[in-house]
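Reading through the structure tokens given below for one structure.
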Amino acid sequence: LSSKSYVMDVKFSYEDRYGSPIEDATTLVIPVVQNQRVSVGGFDFRASGVMVGESSDVSFTVNNQGRGEIFNVNAKIVGEGIEATDVFVGNVASGSTGYADITVTGVDETVATGTIQAVVTFEDSMGNESQVAQDITFDVLAYQEPVVDMTDIDEIPVENGPISPV
């Protein structure tokens with residue numbers, strides 16, 4: 001059965017205590033809601049952390065393992081020491097996968113815990129909102145200027161030949 005409301009018409013025929021026939025009808029609405037089974041996984045990121053002031057993309061999948069479609073799927077990354085964008089994934093059919101790609105920026109290494117969370121919110125066919133979350137190991141590091149080691153560079157040879165006009 002699909003997750004939706006099913007309408008059933010019911011007709012009654014009976015007799016009252018005096019033996020008079022009575023007929024009646026009513027409509028029943030039976031909501032069917034399938035259990036939602038949603039998981040988050042397939043994490044892919046360039047590095048296991050980011051320096052303050054720099055950004056990195058974190059990609060992951062939203063897997064709908066339930067029997068009903070999930071609606072209005074949103075994904076975000078939350079954690080101490082970072083800022084991240086929220087992403088609208090859309091609707092994900094039963095047995096299908098949605099994808100999220102979120103930019104994470106390091107803002108403060110002093111409060112970072114080394115763990116951030118991918119949080120996915122979604123609605124079932126009745127509009128009930130649910131949420132799943134998955135921890136990710138991700139560090140925020142203090143910004144360091146790149147160091148260029150010039151000690152291994154040999155002297156540039158200069159040719160002592162005739163100079164030709166160009």
Of all heavy-atom pairs between [X] and [Y], which one has the smallest distance, and what is that distance?
| X | Y | value |
| --- | --- | --- |
| Ile116 | Ile82 | CG2-CD1, 3.8 Å |
| Ser125 | Val32 | OG-O, 4.3 Å |
| Val40 | Ala118 | CG1-CB, 4.2 Å |
| Val92 | Val62 | CG1-O, 4.4 Å |
| Glu109 | Leu141 | CB-C, 3.8 Å |
| Gly68 | Gln36 | O-OE1, 3.5 Å |

- Message: Would you call the rings of Phe45 and Phe138 parallel, tilted or perpendicular, taking 30° and 60° as the class edges?
- Response: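 Perpendicular, since the angle between the ring planes exceeds 60°.
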- Query: Do side-chain atoms of Ser55 reach the backbone of Thr105 as a donor and acceptor pair under 3.5 angstrom?
  - Reply: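 Not confirmed, Ser55 side chain does not pair with Thr105 backbone.
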- Could you tell me whether a side-chain N or O of Asn63 sits under 3.5 Å from a main-chain N or O of Gln65, the two making a donor and an acceptor?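 Not confirmed, Asn63 side chain does not pair with Gln65 backbone.
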Working to the nearest 0.5 angstrom, can you tell me the gap between [X] [atom1] and [Y] [atom2]?
| X | Y | atom1 | atom2 | answer |
| --- | --- | --- | --- | --- |
| Ile70 | Ser96 | CD1 | OG | 9.5 Å |
| Ile102 | Phe60 | CD1 | CZ | 4.0 Å |
| Glu69 | Asn91 | CD | CG | 5.0 Å |
| Thr27 | Lys11 | OG1 | NZ | 10.0 Å |
| Ile136 | Gln117 | CD1 | CD | 8.5 Å |
| Phe12 | Glu23 | CZ | CD | 12.0 Å |

ILVMFWY network linking [X] to [Y], side-chain heavy atoms under 4.5 angstrom:
| X | Y | answer |
| --- | --- | --- |
| Val38 | Val119 | no |
| Tyr14 | Val10 | yes |
| Val73 | Val87 | yes |
| Ile77 | Tyr99 | no |

- Check: Asn72 and Phe88 side chains under 4.5 Å, non-hydrogen atoms: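 Side chain of Phe88 against side chain of Asn72, heavy atoms only: contact under 4.5 Å found.
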- Apply side chain to side chain contact (heavy atoms under 4.5 Å, CB included) to Gln134 and Val132, showing your working. CA-CA 7 Å; Gln134 178 71 44; Val132 294; over 6 Å; no
- Message: Holding to side-chain hydrogen bond (donor to acceptor under 3.5 Å, both in side chains), I want the full list of residues that pass it with Asp124, two or more places apart in sequence or in another chain.
- Response: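 Only Asn128 meet the side-chain hydrogen bond (donor to acceptor under 3.5 Å, both in side chains) criterion with Asp124.
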- Task: Can you sort out the partners of Thr115 under side-chain hydrogen bond (donor to acceptor under 3.5 Å, both in side chains), two or more places apart, ordered by chain and number?
- Result: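 Once residues adjacent in sequence are excluded, Thr115 has no partner under the side-chain hydrogen bond (donor to acceptor under 3.5 Å, both in side chains) criterion.
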- Is Glu83 atom CD crowded by more than 12 heavy atoms from other residues, nucleotides or ligands, each under 6.0 Å away?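 Atom CD in Glu83 is not crowded, with 12 or fewer foreign heavy atoms closer than 6.0 Å.
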- Item | ring-ring contact (aromatic ring centres under 6.0 Å, His included) partners for Phe71, two or more places apart |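 Here no residue qualifies.
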- State, without any angle test, whether Asn64 and Ser94 hold a side-chain donor-acceptor pair at a distance under 3.5 Å.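 On atom types as modelled, these side chains do not qualify, holding no pair under 3.5 Å.
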